[in-house]
2 protein chains.
Amino acid sequence: MIDEISLNILNILQEKARIPNVEVARQVGMAPSAVLERIRKLEKQGIIDGYEVRLNPEQFNRRLIAFIFVDVDTTLVSASDPDQDRVHDILAKMPEIQEVHDVAGEDCLLLKVRVADHQELGTLLRDNIRPLQGVRSTRTLTVLFTHKETTRFPISGILTGQ
Amino acid sequence: MIDEISLNILNILQEKARIPNVEVARQVGMAPSAVLERIRKLEKQGIIDGYEVRLNPEQFNRRLIAFIFVDVDTTLVSASDPDQDRVHDILAKMPEIQEVHDVAGEDCLLLKVRVADHQELGTLLRDNIRPLQGVRSTRTLTVLFTHKETTRFPISGILTGQ
DNA sequence: ACTGAAACGCAGATACT
DNA sequence: AGTATCTGCGTTTCAGT
């Protein structure tokens with residue numbers, strides 16, 4: 001279980017992760033050493049997975065988001081050399097591909113990619129995705145406008161595995 | 001434009017954002033004050049958008065990811081009170097919904113949601129999404145397994161708007 | 001735009017409650 | 001699991017280059 005204080009600390013860090021420990025302590029009204037101990041514990045328990053810098057995709061010429069459904073022939077893949085990487089592993093290694101999911105009911109993978117423009121998307125599909133062994137077909141949805149995009153989710157005290 | 005040193009700093013912060021400034025300075029071989037100045041500048045330029053803590057969804061009972069296509073009747077919405085929030089604004093305010101995109105070619109919205117289980121997904125669809133004015137239908141894909149999920153993207157010196 | 005010095009504030013350890 | 005205290009170290013400002 002996780003208590004109100006730790007929840008509070010996590011909420012503060014979700015707003016702005018790169019702030020001094022004392023500042024967190026002030027906001028929760030505790031001694032810095034106590035807060036530090038709690039944060040260390042949350043990290044060790046795997047509740048806190050890490051700290052990331054959020055970069056502006058626009059500024060790095062990554063304006064286009066696309067979702068790609070990849071129809072994979074799994075029988076073909078399992079029949080080949082078992083030592084070789086599976087399609088999803090190869091895809092996961094490509095830096096433009098941010099997400100690789102197995103989805104239910106469609107017998108395929110769903111990718112989220114972030115590229116500069118439609119030309120780069122075309123290149124990625126033609127040169128890196130379609131030629132993969134086991135890939136039967138792809139279907140691509142490009143994003144026109146993004147209204148919301150966050151990794152945050154509501155946090156509450158109901159913790160599992162505690 | 002952005003130079004090699006700033007690129008280096010950003011890469012270090014992408015690995016672990018909550019590290020001391022001196023540590024970054026050591027890794028890039030510069031004085032802490034110089035690194036601080038660069039980071040402040042990157043923040044002010046909007047290249048660095050913020051710093052986030054990465055929380056483990058498993059530990060907060062958010063095991064299920066779903067992608068939901070929401071077919072929206074835009075004519076109906078524009079005919080109603082123009083002051084009222086649009087469907088995508090209402091959806092964007094729901095904390096379980098992490099992403100709201102307009103997608104090309106389907107005349108609909110694509111949502112990414114993160115919930116506890118299929119029951120919670122059902123509740124979200126039935127009580128919060130389908131009743132919205134203008135929502136014609138929804139189609140949901142649930143994720144069976146996630147092979148990769150990151151917000152990182154390759155960064156290079158080719159900056160725009162500089 | 002970077003270095004180095006100095007003042008200040010924080011981190012992390014310890015002892016104790 | 002908390003506070004109080006202390007030392008060493010990091011942060012931040014500023015003058016100089």
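The sequence lines fix the lettering, A, B, ..., with proteins before strands; numbering per chain opens at 1. Just so it is clear, the structure is predicted and the values come from calculations on it, not from any experiment.
- With salt bridges taken as basic N to acidic carboxylate O contacts below 4.0 Å, none links B/Lys16 and B/Glu23.
- Of the residues in residues 22-35 of chain B, B/Val22, B/Arg26, B/Pro32, B/Ser33 come within less than 4.0 Å of DNA chain D through at least one heavy atom, sorted by number.
- A salt bridge is defined here as a Lys NZ or Arg NE, NH1 or NH2 lying under 4.0 Å from an Asp or Glu carboxylate O, and B/Arg40 with B/Glu43 meets this definition.
- One can place CG of A/Leu36 at 15 Å from P of D/dG10, the figure rounded to the nearest angstrom.
- In this structure, CZ of B/Arg40 is placed 7 Å from P of D/dT13, rounded to the nearest angstrom.
- With hydrogens and angles disregarded, no donor-acceptor distance shorter than 3.5 Å links the side chain of A/Arg114 to the backbone of A/Pro95.
- Protein atom CZ of A/Arg18 is 11 Å distant from nucleotide atom C1' of D/dT11, rounded to whole Å.
- Put simply, NZ on B/Lys41 is 16 Å from P on D/dT12, counting in whole angstrom units.
- When DNA chain C is scanned in the 5' to 3' direction for atoms under 4.0 Å from non-hydrogen atoms of chain A, the outermost contacting nucleotides are C/dC10 to C/dA13.
- A heavy-atom distance below 4.5 Å is not found between the side chains of A/Asp49 and B/Leu55.
- The distance from atom CD of B/Glu43 to atom P of D/dT12 is 10 Å, rounded to the nearest whole Å.
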For residues 6-15 of chain B, which side-chain N or O atoms pair as donor and acceptor with protein atoms under 3.5 Å away, sequence neighbours left out?
unit_1	atom_1	unit_2	atom_2	d
B/Ser6	OG	B/Asp3	OD1	3.4
B/Ser6	OG	B/Arg38	NH1	2.7
B/Asn11	ND2	B/Leu7	O	3.2
B/Gln14	OE1	B/Arg152	NE	3.4
B/Glu15	OE2	B/Arg152	NH1	3.2
B/Glu15	OE2	B/Arg152	NH2	3.4

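- The CG atom of B/Asp117 lies 7.5 Å from the CG atom of B/Leu64; values are rounded to the nearest 0.5 Å.
- Contact annotation: the side chain of B/Arg63 approaches that of B/Glu58 to within less than 4.5 Å [non-hydrogen atoms, C-beta and beyond].
- For B/His88 and A/Phe145, the ring centers sit 6.0 Å or farther from each other.
- When rounded to the nearest whole Å, the span between CG of A/Asn21 and C1' of D/dT11 equals 15 Å.
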